[in-house]
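Note on naming: letters A, B, ... go to the chains in the order of the sequence lines (proteins, then strands), and numbering restarts at 1 for each one.
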Number of protein chains: 2
Amino acid sequence: MYALSHPLLLDTALRTGIALPSPYPAKPFAHLFAGIPPRALAAGEGLAWEGSPVENVHLVMSGVIRSVRYLRDGRRMITRFIYPGDVVGPADGAMYRSTLEAVTRAQLVALPRARWDHAIAGSPELRDALFAMLRDVADSAQRHAVLLGRQTAEERLAAFLLGIARRVGEGGKGPVQIVLPMGRQDIADHMGLTLETVCRTFTACQRLRLIRVWRRRHMWLLDMDALAGLAGATAPRDGRGASQRTARCV
Amino acid sequence: MYALSHPLLLDTALRTGIALPSPYPAKPFAHLFAGIPPRALAAGEGLAWEGSPVENVHLVMSGVIRSVRYLRDGRRMITRFIYPGDVVGPADGAMYRSTLEAVTRAQLVALPRARWDHAIAGSPELRDALFAMLRDVADSAQRHAVLLGRQTAEERLAAFLLGIARRVGEGGKGPVQIVLPMGRQDIADHMGLTLETVCRTFTACQRLRLIRVWRRRHMWLLDMDALAGLAGATAPRDGRGASQRTARCV
DNA sequence: CGCCAATTTGACTGACTTCAACTTGCGTGG
DNA sequence: CCACGCAAGTTGAAGTCAGTCAAATTGGCG
């Protein structure tokens, strides 16, 4: 486990309820960052801005980062949360395509882009890992689009909570405890809702005994099956594809 | 231009109003597909299903394909439309992550995955092109998420129409003519709306003299500036990032 | 212990959806 | 070539989920 090789990872994992492994294990890239002193970010502090050049590739050691896109009038969408073990930068090309801000206090290490590119160019393994990582970013953005475009507030939040639970590694039936590292507004901006709707929906889920909330940031997922049913992953269809006209009624 | 080297591309470009170049020019990959006889798909026909193995990489020669994700109850989201010159398969890894169906009659050529992988492994140029393509898929999925989560019906459709106009290569001020290759239901399922809302919003835009609709599939974009204002690309913010608490009021 | 931002709850509004009827125009076959 | 049939699209009326505005509550932090 990478956590063993770097205490910071395990530390945050405990404090925020986010355990490794993260979806794109740092393992294949971790050695590139060895020996570089970590940089600290305060909660809310910015790391990079949309449109600015990508000078470094960062490995998040502790804390949580949000990747945000702003509209001119201030509306914003958090496209994804970035957790310890995640690498940021390579998916953006030469320019950042979104703004990066720390959600919690965070620590990360920066690797100059040239060194990163050189390492990637020289290693088929790293290349494959990078491909996989990019595919994963694309896939989760598309799954996110399904949520945003076609699922209700309750379904979106069920999916959100299960996503966090998956990071903790808990997939079991029984109550799973999680800690939310971000506030309600961030959750709302990630799920395409308002903060009030997030609150009300959590309250409703609590009444239905799907979850239990303690001190705002702590939750128990009481009924994983029901939550999974709500989150409802996309469903492959058997047989030949529906013709265009029957698309709505399955 | 690739269109010159393969008449099919130009043909569809004319019929559907979709001119090359597409966002990921086929150019770097085109030679891999040289000499393979194209396969025809009827409108509505399926090409691949979510969860099935990716056996071939396809180059679309003519027509339009939709990439769809279904929920269990039949709700669906079209994550993207795939146009002539686009390559499908590499972004999915070993398994398709969405279902592919022809929107219009289409023709495409299939390259066995092993040959594709071999070609990519052997060419730094192709590798870079593939990286760029994957980044583009991820980026457009994230921009799409902003639309779905934070923009109104009118804004979403303005962005949709401008996206089609961009393919035709027309960016000017004056009226731009486009042809929509897909029906209202497909537009709705791509923009997270209902077909009725798409209709009503087109009608409203027509009353505002932003567009003119002729025979359902043909449109003139009369006021590109106004449409661009509605579509409102994401806005980089200057200065240091907003702290978490001021996020909503800019 | 007290301050204050974050969160929760309440009342009301509105954008988009739903259900339903009507219209258009493409494609087919006489 | 034209009429017919029917799916695709449009419009209308009513409903609903989530948004907005506002007030009350909570709990982290100094």
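OP1 or OP2 of dG9(D) sits under 4.0 Å from a side-chain N or O of R217(B). Between R200(A) and dT7(C), a side-chain N or O to OP1/OP2 separation shorter than 4.0 Å is absent. Remark: T203(A) is in phosphate contact with dT9(C), judged by side-chain N or O atoms under 4.0 Å from OP1 or OP2. Side-chain nitrogen and oxygen atoms of T194(A) include none within less than 4.0 Å of the OP1 or OP2 phosphate oxygen of dA18(D).
We find that CH2 of W214(B) is positioned 20 Å from P of dA8(D), with the value rounded to whole Å. Going from atom CG of L180(B) over to atom C1' of dG9(D) covers 13 Å, rounded to whole Å. Going from atom CE of M191(B) over to atom C1' of dT17(C) covers 17 Å, rounded to whole Å. Rounded to whole Å, the distance from CZ on R156(B) to P on dC16(C) is 7 Å. One atom, CD of Q151(B), and another, P of dA18(D), lie 20 Å apart when rounded to the nearest Å. Computed from coordinates, the E196(A) CD to dT9(C) P distance equals 12 Å when rounded to whole Å. What separates CZ of F202(B) from P of dA8(D) is a distance of 17 Å, to the nearest Å. Between the CG atom of L195(A) and the P atom of dT9(C) there is a distance of 12 Å, rounded to whole Å.
Scored by the side-chain hydrogen bond (donor to acceptor under 3.5 Å, both in side chains) test, T197(A) finds T194(A) as partners (sequence neighbours excluded). Take R150(A) and apply the side-chain hydrogen bond (donor to acceptor under 3.5 Å, both in side chains) test, not counting sequence neighbours, and it matches D189(B). A42(A) is linked by a side chain to side chain contact (heavy atoms under 4.5 Å, CB included) to E45(A), counting only residues two or more places apart in sequence or in another chain.
Salt bridge absent: R143(A) and D136(A) never bring a charged side-chain N and a carboxylate O closer than 4.0 Å. Ion pairing of D92(A) with R97(A) is absent here, as no side-chain N (NZ or NE/NH1/NH2) approaches a carboxylate O to less than 4.0 Å. The residues E154(A) and R200(A) are annotated as not salt-bridged, no charged nitrogen and carboxylate oxygen being separated by less than 4.0 angstrom. Salt-bridge formation is detected for the pair D186(A)/R76(A): a Lys NZ or Arg NE/NH1/NH2 atom is positioned less than 4.0 Å from an Asp or Glu carboxylate oxygen.
Checking dG12(D), dA18(D), dC16(C) against every side-chain atom of A153(A), the shortest atom distance belongs to dA18(D). Counting only heavy atoms from C-beta on, L193(A) has its side chain closest to dG19(D) among dT7(C), dA13(D), dG19(D). Here the side chain of T152(B) is nearest to one of dC16(C), dT9(C), dT8(C), namely dC16(C).
Between F81(A) and Y83(A), the ring planes lie tilted relative to each other; the angle falls in the 30° to 60° range.
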Polar pairs (N or O, both sides) under 3.5 Å between protein and nucleotides 26-30 of chain D?
from, atom 1, to, atom 2, distance (Å)
dT26(D), O2, R216(A), NH2, 3.1
dG28(D), OP1, R215(A), NE, 3.3

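One axis for each end of the helix from dC1(C)-dG30(D) to dG30(C)-dC1(D), each built from five base pairs, and the angle between them comes to 40° at 10° resolution.
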Would H144(A) and M191(A) satisfy side chain to side chain contact (heavy atoms under 4.5 Å, CB included), going step by step from the backbone distance to the final call? CA-CA 8 Å; H144(A) 198 213; M191(A) 303 313 287; 4.2 Å; yes
When the side chains of residues 222-232 of chain A are checked against the rest of the protein, which donor-acceptor pairs come out under 3.5 Å, sequence neighbours left out?
from, atom 1, to, atom 2, distance (Å)
D223(A), OD1, D225(A), N, 3.3
D223(A), OD1, A226(A), N, 3.0
D225(A), OD1, K173(A), NZ, 3.2

